Amino acid sequence: MEDLARDFLGVELMSTEQLLGTGRAARKPTAVEDNEAAEFSARRAEAILNLRPRLEAEMSNLGVDYLFHEIELPLAGVLADMESEGVAIDVPYLKQMQEELGSQLAAIESEVEQVAGERFNLNAPQQLATVLFEKLRLPVGKRTKTGYSTDADTLEALRDKHPIVPLILDHRQLSKLKSTYVDALPQLVDPLSGRVHTSFGQASTATGRLASSNPNLMNIPIRTELGQRIRRAFKAGRPDHVMVSADYAQIELRIAAHLSGDPMLLDAFKAGQDIHTATAAAVFKVPIEAVDPGQRRLAKIANFGSIYGQGEYGLSQQLGITGDVAREFLGQYWSTYSKLREFLDDLRRQAREEGFVVSATGRRRAIPDLRSPNFQLRGAAERMAINFPMQSLAADIIKIAMVRLQREIEADQIEGRMLLQVHDELLFEVPRSELDQFAEKVPRIMTGAYELETGIEVEMKAGPNWADMKKLAVVRA
DNA sequence: TACTACCGCCAC
DNA sequence: AAACGTGGCGGTAGTA
C-alpha cells in the first residue's frame, strides 16, 4: 500500500509497522487511540479508492487480468483460511528435545575447549576462524568479504585435518536446528488456538511463489535424522484426524519439458520412467537397467541445475568432480536434451531484448540487469530469466489447485482442512472418516489444475504427523 | 534497546 | 571475479 500510494498517487502513507511498532515496542491494534486509528484508516481508504482505476488500467495493459481475477484474488481467501486454521505442534515433545540438544551442545563445547585449548563462542564465525586458521594453522580455503570463510563446504574439506572440525560441524547442525526450530516454535504457539499460525506472503516473491513467515513453515527440516525428529512435532491436532500430504512429482522439470517441447524429456515423462534414471541412461548411453546410483545422482543434480542456469563450475562444485568431467558430462547432457537447450537459449536471448520475461499464465518479471555491461550482474539476471518460466508456472498450477480444492471442500461441507502449502506440496488435517474422500479429491484436482504434455503426477501420503507418513497412492493424469 | 550488515543454513 | 533459482531467519558484531 505504501509503495503503491507513493508511486501512483504521490502520497506518503504510514505503514502498519510504523503505527504499531515492531519487536518489544510493538503494541496491539486495540492499544491504538481512536483518533490515530481513524486517521490511519481514512488515509488508506482514500488511497485505495483512488488507486483502483489506476491499477485496473495497469493490469489490463499488462495482460494480467486472468492472473489477478482467477488466481490471486480467490487465493487470498484460501490463504486467510489456512493462516487462521493453523497447525498443531507437540510442545512437550519439543521441550524434551530442547533439553536433550542443550546437553549435547554443552558436551561438544567442552570437547572443543579440550581440543582447542580455549573457550570461545562457536556461533561466532569470526572467533571460529581465528581459532581454526590462526591458532591451529589449518589450511585456508574460501574467503568472505570480511575474512576467512567457515561455511559447511569449507569445514567439510577440513574434516580429516583436525579433530576439532567434525565437532564444529556437529555443533553447527545441532545449534542451527535447536535455535531455529526447537526453541522458537513453542514460543509461537497461539494460546487461544494452541496452534502455530504462519503468515503467507502472497506478493513477496518475484516468481509468484508464496512465502511463509512468523514462523516460516516452508523450511521445516526433513533431510537429516534430527530434521525428521523436528518435523515429527507437526501433528494432527484433533482426535481421530491424520495428516495428509500431496505433492507434485518433478513439476518444474515437467514444465520445462512441456514449454520446450523437448522430445527426449517428453518421452521419458510419458513413458512414466524415473526421469533421473532416464536422463542418466540417455546421457551415459546405457540401458535403463544398467544405470548405477552414482550415474542417477549425477543426472538428478544436472536436471535440477539445468533449469536454474547452472554451469560447469557449479555442477563440478556440487558433485565434487573436476571441471573437465563436468564439461564432458554437460556436453552429453545438452546434446541429449538439445531442444531444451534451444528453448533456454531463446529464453535468454528474448529476455535480453525485452528486459523482462512473461510466463504461460501472463505473470511478468522485469529484470533490468539483463542489459548490464557488468558480466556478473548480467549473468545473475540471465539465470533469473531462465528459472522464471518454470518456477512461476509451477507456482500458478498449485495456486489454481488450491482455489478449486477449497471450493470443493466448502461445497461438500467437508471437515478436513488445508493447512499448508510448501511450493509443490499441500498439507491437510483430515478426519479418518474422510480419508478416502481426500484420496480421491485432492489428486484429481491437483492433476487437473493445468494441462501439461507430460501429464502431471501427484503423490499422496498420510500419517499421524508430518514425518511419519505412508504412501497412499501415486496418481498420474 | 533498536537497527543493520554479515555469515551461515533450513526448505523447495 | 564468479560460477544455481526462490525465500526466511538465527546469531554475532558494530553502531545509533
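Proteins come first, then strands; the chains are lettered A, B, ... in the order of their sequence lines, and each starts at number 1. Predicted model only: the values in this text are computed from it and were never measured.
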Salt bridge flag under 4.0 Å for residues K339(A) and E342(A): no
Touch class at under 4.0 angstrom, heavy-atom based, for A206(A) against every strand present: sugar-phosphate
Sugar-phosphate, base or nothing in reach of I222(A), heavy atoms under 4.0 Å: sugar-phosphate
Rounded interatomic separation in angstrom, taking CG from D247(A) and C1' from dA11(B): 14 Å
Spacing of F200(A) atom CZ relative to dG7(C) atom C1', expressed in whole Å: 13 Å
Side-chain N or O of R209(A) closer than 4.0 Å to phosphate OP1/OP2 of dC12(B): no
Ion pair check, E252(A) and R209(A), cut-off under 4.0 Å: yes
Separation of atom NZ in K300(A) from atom C1' in dC12(B), rounded to whole Å: 12 Å
4.5 Å side-chain heavy-atom contact, I164(A) and L132(A): yes
Touch class at under 4.0 angstrom, heavy-atom based, for R365(A) against every strand present: sugar-phosphate
Atom pair distance, as rounded to whole Å: OH in Y313(A) and C1' in dA2(C): 8 Å
Touch class at under 4.0 angstrom, heavy-atom based, for G305(A) against every strand present: nothing
Euclidean distance, atom CG of residue L174(A) to atom C1' of dG8(B) [Å, nearest integer]: 16 Å
Cation over ring face, R364(A) and F356(A), 6.0 Å, 45°: yes
Rounded C1' spacing from dA1(C) to dC9(B) in Å: 24 Å
Residue T146(A), side-chain atoms from C-beta onward, closest of dC6(B), dA11(B), dG7(C): dC6(B)
Sugar-phosphate only, base, or nothing, as touched by Q376(A) at under 4.0 Å among non-hydrogen atoms: sugar-phosphate
Touch class at under 4.0 angstrom, heavy-atom based, for A152(A) against every strand present: sugar-phosphate
Contact residues, residues 345-358 of chain A to DNA chain B [heavy atom, < 4.0 Å]: none
Residue list, side chain to side chain contact (heavy atoms under 4.5 Å, CB included) with A360(A), at least two apart or on another chain: L393(A), Y450(A)
For atom CG of D369(A) and atom C1' of dG5(C), their distance in whole Å: 15 Å
Interatomic distance, D151(A) CG vs dC10(B) P [rounded to whole Å]: 11 Å
Among dC7(B), dG7(C), dT6(C), the nucleotide that comes nearest once only the side chain of M384(A) is considered: dT6(C)
Heavy-atom closest pair, residues A449(A) and I400(A): O-CG2, 3.7 Å
Ion pair check, R327(A) and E312(A), cut-off under 4.0 Å: yes
Presence of salt bridge, D274(A) and R296(A), under 4.0 angstrom: yes
Lys/Arg-Asp/Glu bridge criterion (N-O < 4.0 Å) met for R254(A), E453(A): no
Sugar-phosphate only, base, or nothing, as touched by T150(A) at under 4.0 Å among non-hydrogen atoms: sugar-phosphate
Candidate pair R349(A) and E353(A), rule salt bridge (charged side-chain N to carboxylate O under 4.0 Å, His left out), full reasoning: CA-CA 6 Å; R349(A) 190 178 40 71; E353(A) 282 164 19; 3.6 Å; yes
Summary of protein contacts for nucleotides 9-16 of chain C, nucleotide by nucleotide, where a base hit scores B, a sugar-phosphate-only hit scores S (4.0 Å, heavy atoms): SSSSS---
I220(A) CD1 to dC9(B) P, straight-line distance once rounded to whole Å: 18 Å
